Asker: 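Please see the structure below; I have some questions.
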Amino acid sequence: MRTSRQIINKTEQYGAANYKPKEVVIARADGVMVYNPEGEEFYDMLSAYSALNFGHLHPEITAAAREQLDRVTLTSRAFHNAVLCDFYETLCALTGKEMALPMNTGAEAVETALKTARRWGAFTKGIEDGRQEIIVCENNFHGRTITIVTMSTDKAARRGFGPFTPGFVKIPFGDAKALENAITPNTAAFLVEPIQGEVGVIVPPDGYLKDVREICGRNNILFIADEVQTGFARTGDMFACQHEGVEPDIYVLGKALGGGILPVSAVTANRDILGLFEPGSHGSTFGGNPLASAVALKAMEILVRDDYPRQAAEKGAYFMDKLRQIRNGDILEVRGRGLLIGVEFKKSAAGYVKKLIENGVLAKETHENTVRFAPPIVITYEQLDRALEKIKKAFEKNL
Ligand SMILES: *Cc1c(COP(=O)(O)O)cnc(C)c1O
């Protein structure tokens, strides 16, 4: 048997160093628990950045995948398949939209939303093609393509990757006035995460999304919600925008949509918006494939049937309350919504993350000082309590 050390060494020898994983090898997983090759167990409190809302190897989702594996997995969009229509129907019902466009990764869904918004700007709003502007927020995370890092304000994400894509305007997050002020006659859309996940679980002021909705409507610009991380129950609502009773014009979805098995992403919107695509204008070889459709369909079925939003809301409130009881002068704030929680320290959180892992809890610092906790939504209260004991051990001593 290979040791974790051997596996890590080989990974580092051949792999591009665009990630710096924590020194844990996950060789096996089940629900909330993961195991290294040496057989040590860990609580997965990151859930692959919310892609594992259902936990690892949810038996109904793996069964749906297995069944589809034996029927047909890939058709390309040159032909129809027998599952995509059901995926469409369920995703449209869940998001309250008339149409969906399937892709694979979150970044591709973001790109799709940007193309949709530019088309809508040119074809519907009447902006001269090539002059469309899209407003985005500082400290956003929308993915890693060149156009997407154009929108980023993170130096590490952009350094050496120019020239960038024109047509983006950056404003502070959580500031509705700034949005109002940034709008010009050429503005096609505003793209925003309802809660900024990657930058450290930043929750906007109450009423922000309501204001955004109102401002976008009044100025005839599209409100695009990037719910790749917050969507599908993570924050205690099916979609984080629903916390303020707000409906964006375009949903950007990914991560949990793949049931923890496959990359599945999508954009949903009404016909007057997504209907602007004609054959040849956009696509993806793997987008909407029958295996992905079957997995996503089952995932969505479980989300609704088992009321994941309520589970995330209740468990999240319990978890956050317990985290707030941990006494450590280094802790600046515990914040979040549902099971998307950030613990911000006054200094680098890397040492505390190391302690967490030593105690059997997998989490990772995001933007230096904040530890993000986003366990699978299926985590039980018993598991939460046991994980909390370990977190307390890791956090109770100043480092
Ligand atoms: C993860 C993420 C993305 C990108 O998704 P990938 O599948 O990694 O391309 C986009 N937006 C948000 C908010 C994300 O959290």
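For this chain, numbers begin at 1 and follow the sequence in order. Both ligands and their constituent atoms are indexed starting at 1 by order of listing. Quick caveat: nothing in here was measured; it's all calculated off a predicted structure.
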Asker: Should Glu193 be counted as touching ligand 1, given the test is an N or O pair under 3.5 Å?
Answerer: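 N/O-N/O distance below 3.5 Å does not exist for this pair.
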
Asker: For Tyr49 and ligand 1, answer yes if some heavy atom of the residue is under 4.0 Å from a ligand atom, otherwise no.
Answerer: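 No, that is not the case, since the closest heavy atom of the residue is not under 4.0 Å from the ligand.
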
Asker: Can we call the ring centroids of Phe232 and Tyr308 under 6.0 Å apart?
Answerer: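 No; Tyr308 has its ring centre 6.0 Å or more from that of Phe232.
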
Asker: For atom 6 (P) of ligand 1, what is the nearest protein heavy atom, given as residue, atom name and distance?
Answerer: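 For atom 6 (P) of ligand 1, the nearest protein heavy atom is Gly106 N, 3.4 Å.
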
Asker: Hey, is Lys346 close enough to Glu333 for a salt bridge, meaning N to O under 4.0 Å?
Answerer: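 No, this pair does not count.
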
Asker: Run the numbers for me: atoms of ligand 1, each under 4.0 Å from some heavy atom of Phe141, listed by number.
Answerer: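 Those atoms are 1 (C), 2 (C), 3 (C), 11 (N), 12 (C), 13 (C), 14 (C).
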
Asker: Ion pair present between Glu344 and Arg335, side-chain N to carboxylate O less than 4.0 angstrom?
Answerer: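 Salt bridge flag = yes for Arg335 with Glu344.
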
Asker: Could you give the distance from CD (Glu301) to CG (Asp86), rounded to the nearest 0.5 Å?
Answerer: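 Going from the CD atom of Glu301 to the CG atom of Asp86 covers 10.5 Å.
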
Asker: Are any of the N/O atoms in Glu198 less than 3.5 Å from those in ligand 1?
Answerer: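 No, there is no polar N/O contact under 3.5 Å.
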
Asker: Taking distance alone, with N or O pairs closer than 3.5 Å, would you say Ala107 contacts ligand 1?
Answerer: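 Such a contact does occur with ligand 1.
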
Asker: What is the closest protein heavy atom to atom 1 (C) of ligand 1, and at what distance does it sit?
Answerer: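 Here the nearest protein heavy atom works out to Lys255 NZ, 1.5 Å.
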
Asker: Please determine if Arg158 forms a cation-pi arrangement with Phe164, meaning its NZ or CZ atom is less than 6.0 Å from the six-membered ring centre and no more than 45° off the ring axis.
Answerer: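 The answer is yes; both the distance and angle limits are met.
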
Asker: Taking the six-membered ring for Trp and the single ring otherwise, decide whether the centroids of Phe345 and Phe395 are under 6.0 Å apart.
Answerer: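 Yes - the distance between ring centres of Phe345 and Phe395 falls below the 6.0 Å cut-off.
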
Asker: Side chain, backbone, both or neither: which part of Glu227 has a heavy atom under 4.0 Å from ligand 1?
Answerer: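 Near ligand 1, Glu227 shows nothing, with every heavy atom at 4.0 Å or more.
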
Asker: Is any side-chain heavy atom of Lys347 less than 4.5 Å from a side-chain heavy atom of Tyr352?
Answerer: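 Side chain of Lys347 against side chain of Tyr352, heavy atoms only: contact under 4.5 Å found.
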
Asker: Which ligand 1 atoms does Gln229 reach within 4.0 Å, using its non-hydrogen atoms?
Answerer: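 In order of numbering, the contacting atoms are 15 (O).
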
Asker: What residue and atom, counting heavy atoms only, is the protein's closest point to atom 11 (N) of ligand 1, and at what distance?
Answerer: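 The answer is Asp226 OD2, 2.7 Å.
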
Asker: By number and element, which atoms of ligand 1 are closer than 4.0 Å to a non-hydrogen atom of Thr105?
Answerer: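 Once the distances to Thr105 are compared, the set is 7 (O), 9 (O).
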
Asker: Measure from NZ or CZ of Arg28 to the centre of the six-membered ring of Tyr35, then state whether that distance is under 6.0 Å and the direction lies within 45° of the axis.
Answerer: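 Judged by the rule, Arg28 and Tyr35 form a cation-pi pair.
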
